[in-house]
Amino acid sequence: MLRVGLTGGIGSGKSTVAGRLAEHGAVLIDADRLARAVVEPGTPGLAAVVDAFGPEILAPDGSLDRPKLAAVVFTSAEQRERLNGIVHPLVGGRTAEMLANAADDAVVIHDVPLLVEKNYAPMYNLVVVVHADVEERVRRLVETRGMPEADARARIAAQATEEQRRAVADVWLDNSGTPDQVLAQADALWADRLVPFEANVRLRRWDKYGNARLYDYNPEWPLQAARLAARIKLVTGGLRVDHIGSTSVPGLPAKDIIDLQVTVSSLEQADSFAEPLTEAGFPVRPENTGDRGEETKRYHNSADPGRLANIHLRVAGTQDWRHALLFRDWLRASPEERANYLELKRGIATRFASGENLGEAATAKDAWFDEALPRAESWASKTAWSPS
Ligand code: ADP
C-alpha cells in the first residue's frame with residue numbers, strides 16, 4: 001500500500017486532482033467529507049456535539065446547524081478545542097478503518113486540507129501539493145463556488161503559506177493553467193510515480209540506480225533530504241538523520257541520488273527498523289550490508305522512482321559513521337578539495353557512463369577517500385571538528 005497525502009489551499013484544485021486519481025483506481029479518503037459524515041443525524045458524533053453545545057446547534061430537521069455551531073466556536077478557542085476533541089478522534093477512527101480495509105496494492109490518497117498546518121507530512125510515503133496563486137483561487141471560489149470574496153480571502157489568510165507548503169511538497173502540481181493541464185499532470189503522476197512506487201514498496205524493491213550521470217548542484221537537494229529525513233525520524237522514534245554524500249555539499253555536481261545516514265546504537269537496532277522503514281518507502285537492500293563488504297551498516301534504498309536515495313544505517317562512533325560526516329563537512333569547508341574531488345567524479349562519470357561496472361566506480365572513489373583522509377583529519381584537528 002502507498003499512502004499519499006494530498007493538500008493545497010482552498011480553491012487550489014485539490015478535489016479536482018483527487019477525483020482524477022480516484023478515476024485511475026486510487027482509494028480516496030477525504031478528510032473534509034469524513035468530518036461531515038461523523039456528525040450526520042443519527043450518529044454518536046452528533047449526539048456528543050449536542051451534549052456539549054446544547055440542542056440549539058441543531059436545525060429544525062435535526063441536522064447540525066453549521067453556521068450556528070461555527071458562530072459558537074469561532075469566538076472561543078476553548079469551544080473550538082471541545083468540538084475538535086469530539087470530531088477528530090471520530091475522523092481518525094474512520095480513517096484508520098478505511099486504511100485497514102484498503103487492498104494490499106492500494107494507492108491511498110488522503111485529501112487533508114490542513115496537512116501542512118498539522119505537520120502530518122512525514123506520515124505519508126509522498127506528499128502532493130496542488131498550487132494556484134491566491135488571486136486565481138479567489139476568482140475560482142467566487143465564480144465557480146459562489147463564495148463571497150471576503151469569505152474566500154479570510155479562509156485563505158487563515159491557512160498555511162505557499163512557502164510552508166513548498167517545504168513539504170514532494171510533488172508540486174501547478175494548477176495555474178486550464179483544468180486539462182492539471183489533469184494531465186495528475187495522469188502522469190499516477191502512471192510514472194504512484195503506480196511504480198506502490199509496486200516497489202509492496203515488492204520490497206527499488207529502481208535500479210545504474211546511471212553515473214552527474215547533475216549540477218541542485219539547491220533543492222537539501223530540502224528533499226530534509227523531507228526524507230523527517231519520514232525516517234518518525235518511523236525510527238527520532239533517530240539522528242544526516243544528509244551526507246555529494247548532494248549534501250553545496251556547489252558540488254553529483255548523481256541525482258540523496259544519501260542519508262541514520263545513526264543507530266547497534267546493528268540489532270538497525271534491523272528492528274527494517275520493516276517500518278520499508279513501509280515508509282525505504283526497502284532493505286539485502287545484498288549489500290556494508291561498506292567495502294564489511295558488516296558495518298544496514299543499507300536501504302528509496303522505492304520512489306521520482307526521488308532516488310540511499311539510506312545508510314551506521315552505528316554511532318564507528319569509523320565509517322564518522323568519516324561520512326567528516327568528509328561532508330571538510331568538502332563543504334574546502335573549495336579546492338571540492339574541485340579536486342569533482343575532477344575524480346567527472347572522470348568516473350565518463351568512464352562508467354554506460355552504468356556498467358559501477359562497483360569499480362565505487363572502488364575508484366574509495367581510493368580517493370583513502371588518499372584524502374589525512375588531509376581531512378588534519379583539517380578536523382585544526383578546526384576542532386567533531387561529529388556531533
Ligand atoms: P479545492 O478542493 O482545492 O478547494 P477544487 O478542486 O474544488 O479546489 O477547485 C476549486 C474550484 O475551481 C472548483 O470549482 C473547480 O472546478 C475549479 N477549478 C479547478 N481547477 C481549475 C482550473 N485549472 N481552471 C479553472 N477552474 C478550476
Side-chain angles (χ1 to χ4, degrees), residues 2-40 64 66-67 69-70 73-74 84 87-88 91-92 94-95 98 107-121 123-124 126-194:
L2 195 74
R3 287 162 290 110
V4 179
L6 175 71
T7 195
I10 181 166
S12 60
K14 214 165 22 70
S15 312
T16 305
V17 169
R20 183 62 152 225
L21 295 173
E23 280 173 31
H24 280 294
V27 173
L28 189 58
I29 304 181
D30 180 329
D32 268 356
R33 186 175 299 173
L34 286 185
R36 288 191 296 273
V38 296
V39 290
E40 264 165 20
L64 192 59
R66 289 183 175 277
L69 180 63
V73 299
F74 186 71
N84 287 342
V87 174
H88 286 178
V91 170
R94 291 284 279 272
T95 304
M98 291 179 81
V107 174
V108 176
I109 306 290
H110 196 186
D111 178 342
V112 188
L114 297 183
L115 184 149
V116 177
E117 292 81 348
K118 303 262 182 205
N119 289 322
Y120 289 160
M123 296 170 18
Y124 300 98
L126 197 77
V127 171
V128 177
V129 174
V130 184
H131 170 76
D133 288 342
V134 171
E135 290 311 315
E136 181 61 27
R137 285 154 61 199
V138 170
R139 206 178 57 71
R140 287 175 192 168
L141 289 170
V142 171
E143 282 175 12
T144 62
R145 281 211 205 145
M147 193 182 277
E149 180 175 338
D151 274 16
R153 288 195 188 277
R155 286 181 181 228
I156 287 170
Q159 293 189 334
T161 62
E162 176 179 339
E163 194 187 1
Q164 290 168 319
R165 289 204 183 92
R166 274 196 192 272
V168 303
D170 299 295
V171 178
W172 186 257
L173 291 188
D174 188 341
N175 186 20
S176 309
T178 65
D180 277 352
Q181 284 171 326
V182 81
L183 293 176
Q185 289 184 71
D187 292 346
L189 171 68
W190 176 261
D192 301 339
R193 196 152 181 187
L194 301 185

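Whatever order the structure lists them in is the order used to number ligands and atoms, beginning at 1. Here, residue 1 is the first one in the sequence, and each next residue gets the next number.
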For [X] and [Y], indicate whether the former's side chain and the latter's backbone hold a donor-acceptor pair under 3.5 Å.
X	Y	value
Q159	I10	yes
N175	V182	no
E136	S176	no
S12	A132	no
Q185	D174	yes

If you measure only the distance, is there a donor-acceptor pair under 3.5 Å linking the side chains of H24 and D187?
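Yes, a side-chain donor-acceptor pair sits under 3.5 Å.
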Evaluating non-hydrogen atoms only, which member of D32, T144, N175, T7 is closest to atom 23 (N) of ligand 1?
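Going through D32, T144, N175, T7 one by one, N175 has the nearest heavy atom to atom 23 (N) of ligand 1.
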Nearest heavy atom to atom 7 (O) of ligand 1: which of R145, R20, K14 does it belong to?
R145
Contacts of D192 that satisfy side chain to side chain donor-acceptor pair (under 3.5 Å) - sequence neighbours left out:
none
Considering residues at least two apart in sequence or located in another chain, which fulfil the ring-ring contact (aromatic ring centres under 6.0 Å, His included) criterion with H88?
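Checked H88 against ring-ring contact (aromatic ring centres under 6.0 Å, His included); zero matches.
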Using distance alone, determine whether L141 and ligand 1 share an N or O pair under 3.5 Å.
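Between L141 and ligand 1 (N or O atoms, distance only) the closest approach is not under 3.5 Å.
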Less than 3.5 Å between some nitrogen or oxygen of I10 and one of ligand 1, yes or no?
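No: no nitrogen or oxygen of I10 is under 3.5 Å from one in ligand 1.
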Suppose I only count heavy atoms of [X] and a 4.0 Å limit; which atoms of ligand 1 are within that range?
X	answer
S15	1 (P), 2 (O), 6 (O), 7 (O)
G11	1 (P), 3 (O), 4 (O), 8 (O), 10 (C)
G9	3 (O)
G177	22 (C), 23 (N), 24 (N)
G13	1 (P), 3 (O), 5 (P), 6 (O), 8 (O), 9 (O)

In the protein, what heavy atom is nearest to atom 6 (O) of ligand 1, and what distance, to one decimal place, separates them?
T16 OG1, 2.6 Å
I need the nearest protein heavy-atom contact for atom 25 (C) of ligand 1: residue, atom name and distance, please.
R140 NE, 3.4 Å
Looking only at heavy atoms of [X], does any of them come nearer than 4.0 Å to an atom of ligand 1?
X	value
P113	no
V182	no
G8	no

Check whether any side-chain heavy atom of D30 lies under 4.5 Å from a side-chain heavy atom of K14, and answer yes or no.
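Sidechains of K14 and D30: no contact.
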